[in-house]
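The next block holds one structure in the form of structure tokens; read it before the comments.
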Amino acid sequence: MFGIADCNNFYVSCERVFNPSLEKKPVVVLSNNDGCIVARSNEAKRLGISMGTPLFKVREIVQQHAIAVYSSNYALYADMSQRVMSVLAQRIPAMEIYSIDEAFLDLRGFPKDRLERHIRETREIVLQWTGIPISIGVASTKTLAKIANRAAKKKEDYKGVCILDSEVIREDCLKHTGVEDIWGIGPRLTRFLKARGIFTAWQLVNMNDSWIKKNLTVTGLRTVYELRGVPAIPLKEKTPDKQEICTSRSFGRPVDNLQELKESIATYAARSAEKLRQQHSLANTILVFIRTDPFKDDVYQNFSILPLPVPTACTEEITEYALDELERIYKPGYRYKKAGVILGNIIPNTGVQQNLFDTRPREKNQKRMQVVDFINLKMGSDTLRFASQGIKKSWKMKRENITPAYTTNWDEILTVRI
DNA sequence: TCTGGGGTCCTAGGACCC
DNA sequence: TCTGGGGTCCTAGGACCC
């Protein structure tokens, strides 16, 4: 059996741990730059606020019902996530961390009579030790476990745990699951299926394989197998190295000059290089992109890809190239809204093909980066940084209503008065 | 006024090879 | 009038996930 543990309204739950007065009240958390709503408490969901709505479109409802609105606090959420995952890891033999708030659990070989009790206890312990409520779905495949998880969240009487362990329950669940709620079926396939009269998961699993493969490709066929109870998506215990690393942000205000764009690109290049070194890899290509506000007239967007002469993870070198590429695509007279750097063609940093005409002091650079990373790990990120990243960064993203980094910054630790 | 960020996987089609 | 067959590799674009 597979399980999936999913934190309920995760970002909202994190905020509530440190501010219990938010319990039972409508709360939402915003995306970066305070743009869209990306997490909602059950109370906010009931008020009809849907996932991904831009805040400005629901301002009235927010005011009318005094919904608490928070900027994203990723330092806090990432740390809380780690706590939840480490508690799960203590109780479950193997797992795959699937996202910031979800983990697939390997429950193979668990005696059936002890399974439910163990899962329920695990849920209690996570709540008690971290303050985060979770729901757990269990079934014979990942996709079915996802469906069980939805049921665990929706139906009160499941009390947060749903185990889908008989044919009768499976059939009943599939009949009550719309195709749009299947893991792996997105908006486009939903439209396609509904146009052909297929509305439920149960209808989908009864279609024949060749039709599914032809119209939904092999990924769709895998999903259908999983819904039938045949595992087709394995558990990935070890997170594979990233093949592509992207750092991009929208600006807090429009940026109309090259100097500030350069600061942002240097900042994103440095962050990307840091992620690259963390997984002991090197990049072969750098992509830089800039764009104006796509919701306004007179849009300009462009990108430039540079293949590197020698694969690298050196911040200085990556920044240098990235800034060159920026100059090639920058057009004056526009108000830019977003920029980013993507490193691609990533390879492990062992056994690198050298270049005969390379003049860079590679070993020296590598040692310097090691020192920079070490200091930043010990003294806090960005303790040492390149001057090209700018000092003021007045273009940086908007986060007008952010809570302190309670658990990761000594200066922002929670104060309790008794 | 205000609209996120970071990924993976698959396929079709073009370029190229013998 | 007639113009092969069988491949690989790469890229862009589209789909999906949270």
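First the proteins, then the strands, lettered A, B, ... as listed; each starts at 1.
No engagement by A/Arg399 is indicated, since no non-hydrogen atom pair under 4.0 Å with the nucleic acid exists. Using a 4.0 Å heavy-atom cutoff across all strands shown, A/Ser72 reaches no nucleic acid atom at all. A/Lys296 comes within 4.0 angstrom of the backbone, heavy atoms only, and of no base. At the heavy-atom level, A/Lys57 lies nowhere under 4.0 Å from the strands shown.
In this structure, A/Lys337 atom NZ and B/dG5 atom C1' are separated by 14 Å, rounded to whole Å. Remark: P of B/dG5 and NZ of A/Lys398 are 12 Å apart, rounded to the nearest angstrom. Atom pair A/Arg253:CZ and B/dC2:P shows a separation of 13 Å (rounding to whole Å applied). Distance CG (A/Asp293) to C1' (B/dT3): 8 Å, rounded to an integer number of Å. Across the protein-nucleic acid pair, A/Met397 atom CE and B/dG5 atom P stand 8 Å apart, rounded to whole Å. Atom CG in A/Asn33 sits roughly 6 Å away from atom P in B/dG5 (whole-Å rounding). Between A/Leu30 atom CG and B/dT3 atom P the separation is 12 Å, expressed in whole Å. One can place CZ of A/Phe295 at 11 Å from P of B/dC2, the figure rounded to the nearest angstrom.
Taking the six-membered ring for Trp and the full ring otherwise, A/Trp183 and A/Tyr98 have centroids separated by under 6.0 Å. Taking the six-membered ring for Trp, A/Tyr336 and A/Phe289 have ring centres at least 6.0 Å apart.
Classified by interplanar angle (parallel below 30°, tilted 30° to 60°, perpendicular above 60°), the ring pair A/Tyr334/A/Tyr300 is parallel.
For the side-chain hydrogen bond (donor to acceptor under 3.5 Å, both in side chains) with A/Thr315, the lone residue among A/Arg277, A/Arg368, A/Arg385, A/Glu274 that qualifies is A/Arg277.
C/dC17 and B/dG4 are spaced 15 Å apart, taking the C1' atom of each and rounding to whole Å.
Between A/Phe56 and B/dT3, no base-stacking contact is recorded for ring centres under 5.5 Å apart and planes less than 30° from parallel.
Salt bridge absent: A/Asp293 and A/Arg335 never bring a charged side-chain N and a carboxylate O closer than 4.0 Å.
Take the nearest nucleotide of DNA chain B for A/Thr219 and for A/Gly52: the residue whose nucleotide is more 5' is A/Gly52. Residue A/Arg59 is the one, among A/Lys213 and A/Arg59, whose nearest nucleotide of DNA chain B lies closer to the 5' end (criterion: closest heavy atom).
Counting heavy atoms from C-beta on, the side chains of A/Ile346 and A/Gln243 never come closer than 4.5 Å.
In this structure, the separation between CD on A/Gln203 and OG1 on A/Thr200 is 4.0 Å, given to the nearest 0.5 Å.
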Query - Canonical and wobble pairing (Watson-Crick, G-U, under 3.5 Å) of DNA chain B, dot-bracket with | - result: ....||||||||||||||
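Side-chain N/O atoms of A/Thr53 include none lying less than 4.0 angstrom from OP1 or OP2 on B/dT3.
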**Report entry** Criterion side chain to side chain donor-acceptor pair (under 3.5 Å) on A/Thr219 and A/Thr217, from CA distance to verdict
**Finding:** CA-CA 6 Å; A/Thr219 40; A/Thr217 81; 2.9 Å; yes
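More than 12 heavy atoms of other shown residues, nucleotides or ligands fall within 6.0 angstrom of atom CD in A/Glu171.
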Query - Protein proximity profile, nucleotides 7-18 of chain C - base contact B, sugar-phosphate-only contact S, no contact -, cut-off 4.0 Å on heavy atoms - result: --------SSSS
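The cationic group of A/Arg108 does not satisfy the cation-pi geometry with A/Phe110, failing either the under 6.0 Å distance to the six-membered ring centre or the 45° limit from the ring axis.
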